[in-house]
Amino acid sequence: MESFELPKNFLMGSATSATQIEGGDQNNSWYRWCQSPGHIHDGSDCSRGADHWNRYPEDIQIMKELHHDVYRMGLEWSRIEPESGRYDETAIRHYRDEITLLLRNNIKPLVTLHHFSNPLWLEDRGGWENPDTVASFVRFTRYVLNELGDLVSEWITINEPNVFLIYGYARGAWPPGKTNLLSMFKALRNLTLAHIQCYREIHRIRAERRFSGPTMVGLAHHLRIFDPEDDKFLNKIPAKLIQYLSQDLFLESMGFGRYGFPLGLGGYPLGRGKYYDFLGINYYSRDMVRLAFEPANMFGSLTVKKAAPVNDLGWEIYPEGLYRLCRKYFAKYQAPIYITENGVCDEGDTMRSRFIYDHLQQIARLNREGIPVERYYHWSLIDNFEWTEGESGRFGLVANDFETQQRTLRKSGEFYGEICEKKIVTREMIKKYFTVAT
Ligand code: IFM
């Protein structure tokens with residue numbers, strides 16, 4: 001292992017989402033989903049979470065100790081707007097207090113407006129398949145910007161639109177539990193319209209109200225590598241198709257407003273534009289693709305590369321993938337790159353330090369080659385509610401005992417904190433954190 005340096009102005013921190021860490025809210029689509037037996041593998045429920053709603057001062061203190069420059073957090077829409085058109089001032093004041101405390105500790109917030117969960121009133125009206133949801137989300141965004149826009153200049157409208165729609169509308173594994181590709185594409189059109197309108201509104205409100213700081217708005221895209229299982233031409237086709245339908249179609253429509261097939265025939269119904277100020281990438285893994293006659297799976301079956309290292313959930317650990325994706329998408333999207341998520345499910349903490357080392361090394365390499373990867377938000381600060389894996393999927397730099405809500409810094413968290421502080425990995429750090437340094 002070698003020492004390496006990150007750019008001096010590189011910003012580092014961690015990422016979380018409201019539904020996964022806050023606890024306490026039962027007015028959202030995920031809480032309801034958790035109530036049906038079998039939906040969550042360990043039977044847990046998101047209304048416990050890591051009790052961050054009450055413990056955020058303690059968690060911000062931990063971020064401070066880990067030398068965070070930045071923190072990506074989410075807002076729970078159902079708390080802020082518990083009924084259609086009725087806003088809860090206590091909830092928004094709570095977020096103001098939390099953000100104020102971050103700023104007092106010199107930690108810059110990047111705030112996500114939608115991260116997989118919907119208020120129940122919206123879900124009951126048909127969720128993202130209902131075209132009225134676009135206006136509801138834009139109205140919510142306006143309210144939030146007017147209340148928090150003076151404190152927050154950086155926004156993510158929607159987290160991982162592809163994962164949200166594929167799991168919720170095509171695979172039926174997440175709320176609303178549908179298995180209908182037509183529903184999925186209908187919802188994608190609405191998500192696209194919502195993103196583009198919110199992108200404009202966030203810029204408009206912050207400019208009109210003369211809020212300080214450059215306004216930065218984007219999406220957090222879940223990007224994976226899809227490699228054909230071998231060199232056979234027949235496996236290359238589904239690999240390309242899956243990449244297009246589950247990834248590039250989303251980037252194109254939400255990023256430029258272009259409705260590629262099957263959303264449309266390549267037109268720009270809302271006008272051709274550039275609806276992002278940074279390219280947000282959530283990166284975890286790679287899939288190998290083999291041709292399969294399964295139209296619902298886009299004619300491919302996904303496997304893990306033979307003998308590859310995997311995390312607790314069986315996802316391949318493939319740091320080179322981050323390098324490949326950043327190079328490829330920067331060439332097309334030409335914007336500063338923020339790694340808005342990257343992390344590993346590793347309860348025993350046997351892989352996380354190496355995972356961090358390997359991925360940051362790829363980022364250092366990208367920067368040396370002129371690709372502007374400006375930020376890194378590790379997923380996640382603390383163990384939280386990992387959707388269908390429940391409380392058993394452990395992604396935290398900090399371990400959490402969900403019974404007592406006791407936080408314990410993992411060794412990898414200590415390593416990460418030292419990199420955040422110094423923006424360098426030295427020989428000494430390698431000796432300190434890795435038992436076998438080669
Ligand atoms: O926990 C999730 C997060 O909500 C979205 N991106 C992937 C993470 C790990 O699965």
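Quick note: numbers below take in every heavy atom, side chains included, and nothing from hydrogens, waters or symmetry partners. Just follow the structure's listing: the first ligand is 1, and inside any ligand the first atom is 1.
Annotation: cation-pi geometry satisfied between Arg286 and Tyr318 (NZ/CZ under 6.0 angstrom from ring centroid, within 45° of ring axis). The cationic atom of Arg48 (NZ for Lys, CZ for Arg) does not lie both less than 6.0 Å from the six-membered ring centre of Phe402 and within 45° of the ring axis.
Between Tyr333 and Phe256, the ring center distance clears the sub-6.0 Å criterion. Ring-centre distance between Phe4 and Tyr357: below the 6.0 Å cut-off. Proximity of the aromatic rings of His114 and Phe164 is defined here by a centroid distance below 6.0 angstrom, and this criterion is met.
Residue-to-ligand polar distances place Gln20 within reach of ligand 1: an N/O pair is separated by less than 3.5 Å. Ligand 1 has no nitrogen or oxygen under 3.5 angstrom from a nitrogen or oxygen of His222. Polar contact check, Asn282 against ligand 1: no nitrogen or oxygen pair lies under 3.5 Å apart. The shortest N/O to N/O separation between Asn159 and ligand 1 does not fall below 3.5 Å.
Distances below 4.0 Å separate heavy atoms of Glu160 from the following atoms of ligand 1: 5 (C), 6 (N), 7 (C). When each atom of ligand 1 is checked for a heavy atom of Phe116 under 4.0 Å away, the hits are 4 (O), 5 (C).
Between the side chains of Thr157 and His195, at least one donor N or O sits under 3.5 Å from an acceptor N or O.
Residue contacts with ligand 1 include Trp315, since one or more of its heavy atoms lies under 4.0 Å from the ligand. Heavy atoms of His115 come nearer than 4.0 angstrom to ligand 1 in at least one pair.
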